[in-house]
Amino acid sequence: MTAPRPSTPRKVLARLSLPERTYVADALRTETVGGVLLLAAAVTALLWANIPALRDSYESVSHFHLGPAALGLDLSVAHWAADGLLALFFFVAGIELKRELVAGDLRDPKAAALPVVAALCGMAVPALVYTVTGVIGGGSLAGWAVPTATDIAFALAVLAVIGTSLPSALRAFLLTLAVVDDLFAILIIAVFFTADLNFAALGGAVAGLVVFWVLLRKGVRGWYVYVPLALVVWALMYNSGVHATIAGVAMGLMLRCHRHEGEDHSPGEHIEHLVRPLSAGLAVPLFALFSAGVAVSGGALTDVFTQPETLGVVLGLVVGKALGIFGGTWLTARFTRASLSDDLAWADVFAVASLAGIGFTVSLLIGELAFEGDQTMTDEVKAAVLLGSIIAATLATVLLKIRNAKYRRLWEAEERDEDLDGIPDVYEEDDPAYHLRLAALYERKAAEHRRIAQEKATTRHGLAEVPGGAGEDHHRPA
């Protein structure tokens, strides 16, 4: 009887499949550009709100109201940015999560367990850190959810600025963490920050979502059908008392993200490709512009570390996120008997976990919801989010820079394409045709070098036969 073949142990954060790698690279490219715009918007907001000559104009623009009051949509500019533009952000997040679960590497439950557990731990531990800090300091526990979110655009902007060549597996892990994080964040908003419900409006929003789903399943096409319907669903959701961004994530999750025969891209992938630049390049930066403008002074920064609410936010982002994500990843590997990829070390996981402590966009949103009606505390919590994100970014930068030489070698190996067929060589090592192409390439190079060598030898031999020696000048004056 043949002995059973020993199974290959599963690797945590192993190399991505080629389709997943291509998708992640495209997604991260857009998010990185959006992250740079987000940083620029945040800096602009801080300058605008803190330069005395401009401060009043920032308040005037942020609180300027527009929209049809008869429909309950006479909102301030800042309100439109938080409830309207961020719906686009969550729409893209919903599509991303749906694609990962039905067509990406996360369709395998074992692969999906890692980012889900890591994201859950990365939300639970910061919430616990905030709560313990609040209880010990006697502060309000209303902001427990503020440090639970990760801002992928801000994190990628940090990577772009520091220039680290982070391997694609770690980048994908960070992206997936943020997507799962966004989903749970929107659930937190829906469950814990819902005002008094207007059941008529909520019923209308649900009916609109059903119509949206039916039209998708019937194969109806045309932006002129879906965009007006989406606006109606969003308006009804806003008036229902449920946070309007829920409409965005719900519609994103409804899109078909698996490909039918003959399709290069699924409808979800196609729409995400169209909407992601709008989300990353316009919606999120504008939200940051009208949310990050808080008054910052030496006294205000000192107060961040003396008040339990703000200290809890900073500790949650910097300490809670890193420990939660790292611990969740380690526990998942431990209990599934998986081992870390041979190319990486646990220090790399901790560095990425620290980077996930950048909780800018959604943390600012939850801070506004948690302390609604208390403008002073809202501004102080926003300052804590900014400071905590900067500390987390600085810590992650130091940790990633230490390993950057190793990352660069891994990145170069991932990108190498010696046979020039457009596919990295690491994905073709088991393909005989790849080795035949490489052999033919080397043979052509060898033949070229032999030809050059022969020409050089012939030239040298001819020079040696010149009377008097090569290069001798017989007409040189004595």
Side-chain angles (χ1 to χ4, degrees), residues 3-17 20-21 24 96-97 100-101 104-132 144-145 147-150 152 155 164 166-185 187-188 315-359 392 395-396 398-400 402-403 406-407 410 414 426:
R5 183 179 300 173
S7 60
T8 303
R10 193 172 64 84
K11 295 290 184 181
V12 173
L13 300 179
R15 184 183 300 127
L16 303 177
S17 64
E20 187 70 5
R21 180 183 181 277
V24 168
E96 281 184 283
L97 184 65
E100 285 287 346
L101 293 175
D105 283 0
L106 297 189
R107 63 185 182 276
D108 176 8
K110 290 183 179 178
L114 175 65
V116 171
V117 172
L120 283 173
C121 292
M123 299 182 81
V125 175
L128 181 62
V129 168
Y130 178 94
T131 302
V132 170
W144 64 269
T148 60
T150 293
I152 185 62
T164 183
L166 201 64
S168 59
L170 286 176
R171 288 178 182 266
F173 178 59
L174 182 62
L175 176 63
T176 309
L177 265 177
V179 171
V180 177
D181 193 298
D182 289 339
L183 176 68
F184 286 116
L187 289 175
I188 288 174
L315 292 178
L317 289 172
V318 177
V319 179
K321 270 290 183 182
L323 293 181
I325 292 173
F326 179 82
T329 305
W330 186 87
L331 287 172
T332 303
R334 175 73 176 79
F335 286 105
T336 59
R337 298 182 180 179
S339 59
L340 191 64
S341 170
D342 296 334
D343 294 330
L344 301 174
W346 283 108
D348 302 317
V349 179
F350 187 80
V352 171
S354 300
L355 190 62
I358 299 172
L395 174 63
V398 172
L399 295 175
L400 291 170
I402 292 172
R403 299 275 292 170
K406 170 75 171 179
Y407 296 152
L410 292 174
E414 287 183 359
V426 292

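Only this structure's heavy atoms are used, side chains among them; waters, hydrogens and symmetry mates stay out.
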No-hydrogen, no-angle side-chain donor-acceptor test under 3.5 Å, K321 and T150: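 The answer is yes; a qualifying pair exists.
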Which distance, rounded to the nearest 0.5 Å, do you find between the [atom1] of [X] and the [atom2] of [Y]?
| X | Y | atom1 | atom2 | value |
| --- | --- | --- | --- | --- |
| L340 | T329 | CG | OG1 | 9.5 Å |
| M123 | L187 | CE | CG | 8.5 Å |
| S354 | L323 | OG | CG | 8.5 Å |

Non-hydrogen atoms of A353 and A322 that approach each other most closely: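 Smallest interatomic distance, heavy atoms only, reads CB-O, 3.6 Å.
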Over all atoms of both residues, closest heavy-atom pair of A155 and L355: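 Looking at all heavy atoms of both residues, the shortest contact is CB-CG, 3.9 Å.
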For F326, ring-ring contact (aromatic ring centres under 6.0 Å, His included) partners two or more places apart: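 Partners of F326 under the ring-ring contact (aromatic ring centres under 6.0 Å, His included) test: W346, F350.
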Under a 4.5 Å cut-off applied to non-hydrogen side-chain atoms, are [X] and [Y] in contact?
| X | Y | result |
| --- | --- | --- |
| D181 | L177 | no |
| V129 | P147 | no |
| L175 | E96 | yes |
| L331 | V117 | no |
| I188 | W144 | yes |
| V179 | L183 | no |

For [X], side chain to side chain contact (heavy atoms under 4.5 Å, CB included) partners two or more places apart:
| X | result |
| --- | --- |
| V352 | L166, L170, F173, L174 |
| L120 | V116, F184 |
| V132 | L128, I136 |
| A345 | D348, R403 |

Residues that D182 engages under side chain to side chain donor-acceptor pair (under 3.5 Å), provided they are two or more places apart: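 Expected list: none.
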Worked check of side chain to side chain contact (heavy atoms under 4.5 Å, CB included) between V180 and L97: CA-CA 7 Å; V180 177; L97 184 65; 4.2 Å; yes
